[in-house]
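First comes the structure, then the notes that go with it.
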Protein chains: 2
Amino acid sequence: MDVIGGKWKVLILWALNERTCRFGELRRMVPGITEKVLASHLRELEEDGIVHREAHEEVPPRVEYSLTPLGAGLNDALRPLGAWGREHILTDTGRPSA
Amino acid sequence: MDVIGGKWKVLILWALNERTCRFGELRRMVPGITEKVLASHLRELEEDGIVHREAHEEVPPRVEYSLTPLGAGLNDALRPLGAWGREHILTDTGRPSA
DNA sequence: CGGCATCCACAAGGATACTG
DNA sequence: CAGTATCCTTGTGGATGCCG
């Protein structure tokens, strides 16, 4: 929970699960996230060994993020939870669903 | 993530997964949690249909909390994640692990 | 015993502007 | 393009005290 505690962590993980992404791509793939949050989450994920960051020293700059095996495993462990969520989302709407 | 977003939600779920518990029991089973947080989390969990609250109108008061089928399903979906966590906890310690 | 009300503190997240 | 720096708002959780 600590590792995926961020508000957008799992979304990032999901996006990355599909394919390697650049910073800008992720920003677009996770609507509503700000650069700062994306950057910090990415950094934390990297420090936790969940994602791999590969910077290409060229112009224009290009940085690609991908899942590490560890991250893939995490995503795998996350999948049942995601399935559960989709199964019951908007079905039991008892709360404001902030 | 919304449903289990609370800091202690999953711990409560885990405790409840083993058996029906009273308020005081939960408070003891989740070390460090305060009554307020436990109460509010419990309430949210109840509103989300995850736990069942059964109050016995007697003295001394007794309230028992148990998992609903939905909650059991959630806990089930959570288990792989828990397994992953235990597998890698304190193994990759790259961060302060706040 | 079980729980709510109030107040408080901190950190996470969001917006904007700026840099290499 | 890919961040970083700053500031601010908010939510979440913590402490205490009171009530049925």
Side-chain angles (χ1 to χ4, degrees), chain A residues 1-16 19-48 50-67 94-98, chain B residues 1-16 19-48 50-68 71 94-98:
Chain A
M1 295 307 298
D2 225 42
V3 175
I4 60 170
K7 189 175 182 179
W8 307 92
K9 292 274 183 72
V10 300
L11 283 314
I12 298 174
L13 256 42
W14 280 27
L16 249 26
R19 72 166 195 283
T20 295
C21 291
R22 302 180 52 179
F23 188 88
E25 284 181 305
L26 284 172
R27 186 169 42 186
R28 280 186 293 275
M29 292 173 75
V30 186
I33 197 171
T34 58
E35 310 94 50
K36 180 210 164 183
V37 176
L38 177 55
S40 62
H41 280 190
L42 242 18
R43 185 168 296 270
E44 289 183 7
L45 256 13
E46 188 195 355
E47 288 175 6
D48 284 330
I50 304 299
V51 306
H52 173 67
R53 181 198 143 109
E54 183 141 8
H56 301 261
E57 287 291 341
E58 51 186 44
V59 30
R62 199 172 69 162
V63 184
E64 295 191 327
Y65 293 91
S66 57
L67 284 183
R95 276 205 297 154
S97 74
Chain B
M1 296 306 298
D2 226 44
V3 175
I4 60 170
K7 189 175 181 179
W8 307 93
K9 293 272 182 72
V10 299
L11 284 312
I12 298 175
L13 256 42
W14 280 28
L16 248 28
R19 71 167 196 281
T20 294
C21 292
R22 300 180 54 179
F23 189 88
E25 284 182 303
L26 283 173
R27 187 169 40 184
R28 279 185 294 276
M29 292 174 74
V30 186
I33 197 172
T34 58
E35 309 94 47
K36 180 212 165 183
V37 175
L38 177 55
S40 61
H41 280 190
L42 241 19
R43 183 167 295 272
E44 289 183 5
L45 256 13
E46 187 195 357
E47 288 174 5
D48 284 329
I50 304 299
V51 307
H52 173 67
R53 180 196 144 109
E54 184 140 9
H56 301 262
E57 287 291 341
E58 54 187 45
V59 28
R62 199 172 68 160
V63 184
E64 294 192 326
Y65 292 92
S66 57
L67 284 182
T68 63
R95 277 204 297 152
S97 75

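A note on names: the letters A, B, ... follow the listed sequences, proteins ahead of strands, and every chain is numbered from 1.
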Measure from the side chain of [X], starting at C-beta and using heavy atoms only, and say which of [options] lies closest.
{"X": "A:Thr34", "options": "C:dG13, C:dA15, D:dA2", "answer": "C:dA15"}
{"X": "A:Lys7", "options": "D:dG14, D:dG3, C:dG14", "answer": "C:dG14"}
{"X": "A:Arg53", "options": "D:dG14, C:dG2, D:dG3", "answer": "D:dG3"}

Legend entry - CZ on A:Arg43 to CG on A:Leu38, rounded to 0.5 Å: 11.5 Å
Legend entry - Atom pair CD1/CG of A:Ile4 and A:Asp48 - distance to nearest 0.5 Å: 11.0 Å
Inset, instruction - May I ask you to say whether A:Glu25 pairs ionically with A:Arg19, meaning some side-chain N is under 4.0 Å from a carboxylate O? - result: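 Between A:Arg19 and A:Glu25 there is a salt bridge, with a charged N closer than 4.0 Å to a carboxylate O.
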Legend entry - A:Glu44 with A:Lys9: basic N within carboxylate O range, under 4.0 Å: yes
Legend entry - 5' priority, DNA chain C, between A:Val37 and B:Leu42 [closest heavy atom]: B:Leu42
For [X] and [N], give me the distance from atom [atom1] to atom [atom2], rounded to whole Å.
{"X": "A:Leu11", "N": "C:dG13", "atom1": "CG", "atom2": "C1'", "answer": "14 Å"}
{"X": "B:Met29", "N": "C:dG2", "atom1": "CE", "atom2": "P", "answer": "14 Å"}
{"X": "B:Lys9", "N": "D:dT12", "atom1": "NZ", "atom2": "C1'", "answer": "10 Å"}
{"X": "A:Leu38", "N": "D:dG3", "atom1": "CG", "atom2": "P", "answer": "8 Å"}
{"X": "B:Leu26", "N": "C:dC1", "atom1": "CG", "atom2": "P", "answer": "14 Å"}
{"X": "A:Phe23", "N": "C:dT19", "atom1": "CZ", "atom2": "P", "answer": "18 Å"}
{"X": "A:Arg28", "N": "D:dG3", "atom1": "CZ", "atom2": "P", "answer": "13 Å"}
{"X": "B:Ile33", "N": "D:dT12", "atom1": "CD1", "atom2": "C1'", "answer": "12 Å"}

Inset, instruction - Could you tell me whether A:Arg22 contacts a base, only the sugar-phosphate backbone, or nothing, with contacts defined as non-hydrogen atoms closer than 4.0 Å? - result: sugar-phosphate
Legend entry - Residue met sooner reading DNA chain D from 5', once B:His41 and B:Glu35 are mapped to nucleotides: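 By nearest-heavy-atom nucleotide position, the 5'-most residue is B:His41.
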Inset, instruction - Mark yes or no for whether A:Thr20, through its side chain, and A:Ser66, through its backbone, hold a donor-acceptor pair below 3.5 Å. - result: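 Such a contact is absent between A:Thr20 side chain and A:Ser66 backbone.
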Inset, instruction - Work out which heavy atom in A:Ala15 is nearest to a heavy atom in A:Met29; give both atom names and the distance. - result: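 Looking at all heavy atoms of both residues, the closest pair is CB-CE, 3.6 Å.
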Legend entry - Sorted by number, the residues of residues 54-66 of chain A with heavy-atom contact under 4.0 Å to DNA chain C: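 A:Pro61, in order of number.
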Inset, instruction - Test for a donor-acceptor pair under 3.5 Å between the base of C:dG14 and the side chain of A:Lys36, counting only N and O atoms. - result: yes
Legend entry - Residue-phosphate contact under 4.0 Å: A:Trp8 side-chain N/O, C:dG14 OP1/OP2: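 Yes, such a contact exists.
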Legend entry - Under-4.0 Å side-chain N/O to phosphate OP1/OP2 contact, B:Arg27 with C:dG3: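 False: B:Arg27 side-chain N/O out of range (4.0 Å or more) of C:dG3 OP1/OP2.
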Legend entry - Residues, nucleotides or ligands: over 12 heavy atoms within 6.0 Å of A:Glu58 CD: yes
